[in-house]
Amino acid sequence: MTVHALLLPIVQVEDQSPGDRMGAQRAAAREALRRCALIGGAPEHGWCQDKRSAPLPLEGFHWSISHKRRLAAAVIAKVSVGIDVEEVKPRRNRMLFDEVGSEREWNLLGERSWPGFFELWTAKEATLKANGVGIGKLAECCVVKRGRDGRLVTEYAGEGLWRVERIEHNGHVAAIALPHDSVCDVEWHVG
Ligand SMILES: CC(C)(COP(=O)(O)OP(=O)(O)OC[C@H]1O[C@@H](n2cnc3c(N)ncnc32)[C@H](O)[C@@H]1OP(=O)(O)O)[C@@H](O)C(=O)NCCC(=O)NCCS
């Protein structure tokens with residue numbers, strides 16, 4: 001089974017209000033979802049969310065979106081799935097390294113660095129989204145190992161393992177979390 005994921009660059013508009021900018025981001029993520037559906041043979045429209053904004057499966061297809069200022073992303077799969085995209089940009093607060101990752105996790109990731117931080121962060125956020133929960137549950141998600149293929153493996157709420165697929169694109173990193181035992185290849189598309 002192939003899981004399709006699509007990254008869609010967002011064209012920047014001068015002097016946009018924060019509200020308009022967020023509206024454009026959200027629209028871009030939905031356009032990415034529509035294009036992804038066309039590629040993967042899923043319904044083009046009809047994707048709905050529950051009261052907490054978690055995506056509801058449609059005709060057996062699970063989906064997830066993420067949107068940042070310059071990049072939107074979407075993924076559709078026949079199994080539970082979550083996606084997160086972040087711009088890899090150093091922050092002032094290096095304490096974030098320890099807030100997001102334990103000593104054990106940093107030993108798996110390597111030296112504390114901003115690329116490492118965003119790899120860890122997107123892996124965890126994609127896992128949370130695949131479980132239909134938000135950042136409030138961050139403490140229940142951890143990275144348990146890095147596979148021989150280089151992929152991170154996460155665990156949520158001590159219940160199950162997730163494998164993380166990632167791609168770097170134009171100063172961003174995107175991560176997808178899929179059930180660890182699912183047999184599927186991820187195909188990334190841009191635009
Ligand atoms: C879900 C969450 C982790 C997303 O993080 P983010 O980096 O800000 O945003 P992203 O662009 O990566 O993802 C946003 C998308 O996640 C999806 N999403 C929202 N809640 C979700 C959930 N519970 N499960 C799965 N996906 C969810 C939505 O599709 C949303 O896009 P939309 O608002 O345009 O529909 C975060 O919004 C969160 O923790 N939400 C729940 C708690 C909350 O609402 N807190 C707000 C104040 S603390």
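Just follow the structure's listing: the first ligand is 1, and inside any ligand the first atom is 1. If you read the sequence from its start, that first residue is 1, and numbering goes on from there.
In this structure, atom 4 (C) of ligand 1 has a protein heavy-atom contact shorter than 4.0 Å. The protein reaches atom 19 (C) of ligand 1 closely, with a heavy atom under 4.0 angstrom from it. Shown here, atom 35 (O) of ligand 1 is in close reach of the protein: a heavy atom of it lies under 4.0 Å off. Of the protein's heavy atoms, none falls inside 4.0 Å of atom 45 (N) of ligand 1. In this structure, atom 42 (C) of ligand 1 has its sub-4.0 angstrom surroundings free of protein heavy atoms. Atom 8 (O) of ligand 1 is not flagged as protein-proximal [any protein heavy atom, distance under 4.0 Å].
Regarding atom 27 (C) of ligand 1, its nearest protein heavy-atom neighbour is S53 O, 3.8 Å. Distance from atom 26 (N) of ligand 1 to its nearest protein heavy atom, with residue and atom name: P55 CD, 3.4 Å. Regarding atom 11 (O) of ligand 1, its nearest protein heavy-atom neighbour is H67 N, 2.8 Å. Closest to atom 16 (O) of ligand 1 among all protein heavy atoms lies K129 CE, 3.3 Å. Closest to atom 15 (C) of ligand 1, if we only count protein heavy atoms, is I65 O, 3.6 Å.
Atoms of ligand 1 found under 4.0 Å from any heavy atom of E125, numbered from 1 in the order shown, are 3 (C), 4 (C), 5 (O), 6 (P), 7 (O), 12 (O). Counting the atoms of ligand 1 from 1 in the order shown, those under 4.0 Å from a heavy atom of R26 are 32 (P), 33 (O), 34 (O), 35 (O). Set against the non-hydrogen atoms of G134, the atoms of ligand 1 under 4.0 Å away are 38 (C), 39 (O), 41 (C). Applying the 4.0 Å criterion to heavy atoms of Q49 picks out, from ligand 1, the atoms 28 (C), 29 (O), 35 (O).
Cation-pi geometry between K78 and F61 is met: the NZ or CZ atom falls under 6.0 Å from the ring centre, inside 45° of the normal.
Looking at Q25 against ligand 1, nothing comes within 4.0 Å, counting heavy atoms. For V85, no heavy-atom contact with ligand 1 is shorter than 4.0 Å. If you look at D84 next to ligand 1, the close heavy atoms, those under 4.0 Å, all belong to the side chain.
A donor-acceptor contact shorter than 3.5 Å links the side chain of S66 to the backbone of V85. Formation of a donor-acceptor pair under 3.5 Å by the E168 side chain with backbone atoms of V173 is not found in this model. Distance alone, capped at 3.5 Å, is enough to place a donor-acceptor pair between the K124 side chain and the V100 backbone. At least one donor-acceptor pair under 3.5 Å links the side chain of Q12 to the backbone N or O of R69.
Inclusion of W63 in the set of residues having an N or O under 3.5 Å from an N or O of ligand 1 is not warranted. The shortest N or O to N or O distance between I135 and ligand 1 is below 3.5 Å. Between G132 and ligand 1, an N or O atom pair is found at a separation short of 3.5 Å.
The option from A28, S64, S66 that lies nearest to atom 12 (O) of ligand 1, judged by heavy atoms, is S66.
Between C142 and R104, every side-chain heavy-atom pair lies at or beyond the 4.5 Å cut-off. For the pair C141 and E155, the minimum side-chain heavy-atom distance is 4.5 Å or more. Looking at K68 and R70, their side chains never come closer than 4.5 Å, going by heavy atoms from C-beta outward.
Aromatic pair W106/F97: centroids less than 6.0 angstrom apart.
Between K145 and E105 there is no salt bridge, since no side-chain N of the basic residue sits under 4.0 Å from a carboxylate O of the acidic one.
Using bins of under 30°, 30° to 60° and over 60° for the plane-to-plane angle, the ring pair F117/W121 lands in the parallel bin.
Heavy atoms from other residues, nucleotides or ligands lying under 6.0 Å from CE of M1 number more than 12.
When all heavy atoms of W188 and V186 are compared, the pair lying nearest together is NE1-CG1, 3.7 Å.
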